[in-house]
Amino acid sequence: MKVYTKTGDKGTTALFGGTRVPKHHIRIESYGTIDELNSHIGLIRDQDIDQLYKNTLMDIQDRLFTVGAILATDPEKATLKNGKTRLNIPKISNDDIERLEKGMDLMEESLPPMTHFVLPGGHTTVSFCHIARTVCRRAERLASHLNDLEPFQPETLMYINRLSDYLFVLARKLSHNLQAEEIKWIPKKES
């Protein structure tokens, strides 16, 4: 099978179900940003971090492929003629969301309470987390817009929201583990 198909040469692409849409369609922007996020998470996973976090990030990457598949499915063709769903994969579940929440709770047990916003940075690995967090927020904005136009499984949007929180807490935890300085943002006073 060849990687190039030439079917997108005129600026369109196919959704699951065969519907062709422009490559700049909100649905393509949504799952394309999820794909970008997945790549950034792979970069974090490639760092010298605890195996627990690597395993969690690999699970998240798996779930992001599911999110991408959900977003890439034409809602009008989501159900086949035989009544089965086109995507024959487990959807995003409340368990997936709860795993992120439990992971955050566990990390926060060893972190000092937040009293200020924190400037992204302090260590390359921490910066990668903050980049992934902001890409996740962009993915959430796009998915939220898509959901307004063509609603999809509510847990999918919840998962993306919770994931950006998870990535923020992971950045703080890695800062702590790496003994990187966490610089608080303290607004300057007007003179």
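In what follows, residues are counted from 1 in the order of the sequence shown.
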Checklist entry - Between CZ of R27 and CD of E150, what distance do you get to the nearest 0.5 Å? => result 4.5 Å
Item to check | Heavy-atom side-chain proximity of M104 to R162 below 4.5 angstrom | outcome: yes
Checklist entry - Once you round to the nearest 0.5 Å, how far does CD of Q61 lie from CG of L37? => result 9.0 Å
Checklist outcome for this item: On a heavy-atom basis, the closest approach of A132 and H40 is CB-CB, 4.0 Å
Item to check | pair E155-S93: side-chain heavy atoms closer than 4.5 Å | outcome: no
Checklist entry - Where is the tightest heavy-atom contact between I26 and H145, given as atom of each residue plus distance? => result CD1-ND1, 3.6 Å
Checklist entry - Does D165 come within less than 4.0 Å of R137, counting only side-chain N to carboxylate O? => result yes
Checklist entry - Can you list the steps and then say if H123 with S175 is a side-chain contact (heavy atoms from CB on, under 4.5 Å)? => result CA-CA 7 Å; H123 189 281; S175 266; 5.9 Å; no
Checklist entry - Do the side chains of V67 and F152 get nearer than 4.5 Å, heavy atoms only? => result no
Checklist entry - Should the pair R172-E182 be classified as a salt bridge under the 4.0 Å nitrogen-to-oxygen rule? => result yes
Checklist entry - Are any of the side-chain heavy atoms of L142 and L71 separated by less than 4.5 Å? => result no
Checklist outcome for this item: Members sharing I183's hydrophobic cluster, built from side-chain contacts under 4.5 Å between Ile, Leu, Val, Met, Phe, Trp and Tyr, are F117, L119, W185
Checklist entry - How far does NE2 of H130 sit from OG1 of T125, to the nearest 0.5 angstrom? => result 11.5 Å
Checklist entry - Taking atom CD of E36 and atom CG of N38, what is their separation to the nearest 0.5 Å? => result 11.0 Å
Next on the checklist: Testing the basics here: between C136 and I160, what is the closest heavy-atom pair and its distance to 0.1 Å?
Outcome noted: SG-O, 3.3 Å
Checklist entry - Does one hydrophobic cluster hold both I44 and L52, with members joined at side-chain heavy-atom distances below 4.5 Å? => result yes
Item to check | For S127, all residues meeting side chain to side chain contact (heavy atoms under 4.5 Å, CB included), sequence neighbours excluded | outcome: none
Checklist entry - Is a side-chain N or O of K184 found less than 3.5 angstrom from the main chain of M114, in a donor-acceptor match? => result no
Checklist entry - What are the two closest heavy atoms between A180 and G122, and how far apart are they? => result CB-O, 3.5 Å
Next on the checklist: Are the side chains of Y53 and L174 in contact, using a 4.5 Å heavy-atom criterion?
Outcome noted: yes
Next on the checklist: Rounded at 0.5 Å granularity, tell me how far CG in L146 sits from CD1 in I70.
Outcome noted: 11.5 Å
Checklist entry - Quick one: do D105 and K102 make a salt bridge, cutoff under 4.0 Å? => result no
Item to check | Atom pair CG/CG of L57 and L64 - distance to nearest 0.5 Å | outcome: 10.0 Å
Next on the checklist: Do M58 and L163 land in one hydrophobic cluster if side-chain heavy atoms of ILVMFWY residues count as linked below 4.5 Å?
Outcome noted: no
Item to check | Cluster link I34 to I89, ILVMFWY, side chain under 4.5 Å | outcome: yes
Checklist entry - So, K23 side chain and G11 main chain: donor-acceptor pair closer than 3.5 Å or not? => result no
Item to check | Q179, CD atom: more than 12 neighbouring heavy atoms under 6.0 Å | outcome: no
Next on the checklist: With a sphere of 6.0 Å drawn around CG of N88, does it hold more than 12 non-hydrogen atoms of other residues, nucleotides or ligands?
Outcome noted: no
Checklist outcome for this item: For R141, the salt bridge (charged side-chain N to carboxylate O under 4.0 Å, His left out) test, sequence neighbours excluded, returns none
Item to check | T85 to K91 - nearest heavy-atom pair and separation | outcome: OG1-NZ, 3.9 Å
Item to check | Minimum heavy-atom distance A69-T73, with the two atoms named | outcome: O-OG1, 2.7 Å
Checklist entry - Can you find a heavy atom in the side chain of Y166 that is under 4.5 Å from one in the side chain of T56? => result yes
Item to check | Side chains of I60 and R63 in contact at under 4.5 Å (non-hydrogen atoms) | outcome: no
Next on the checklist: Any non-hydrogen side-chain atom of I131 less than 4.5 Å from a side-chain atom of L43?
Outcome noted: no
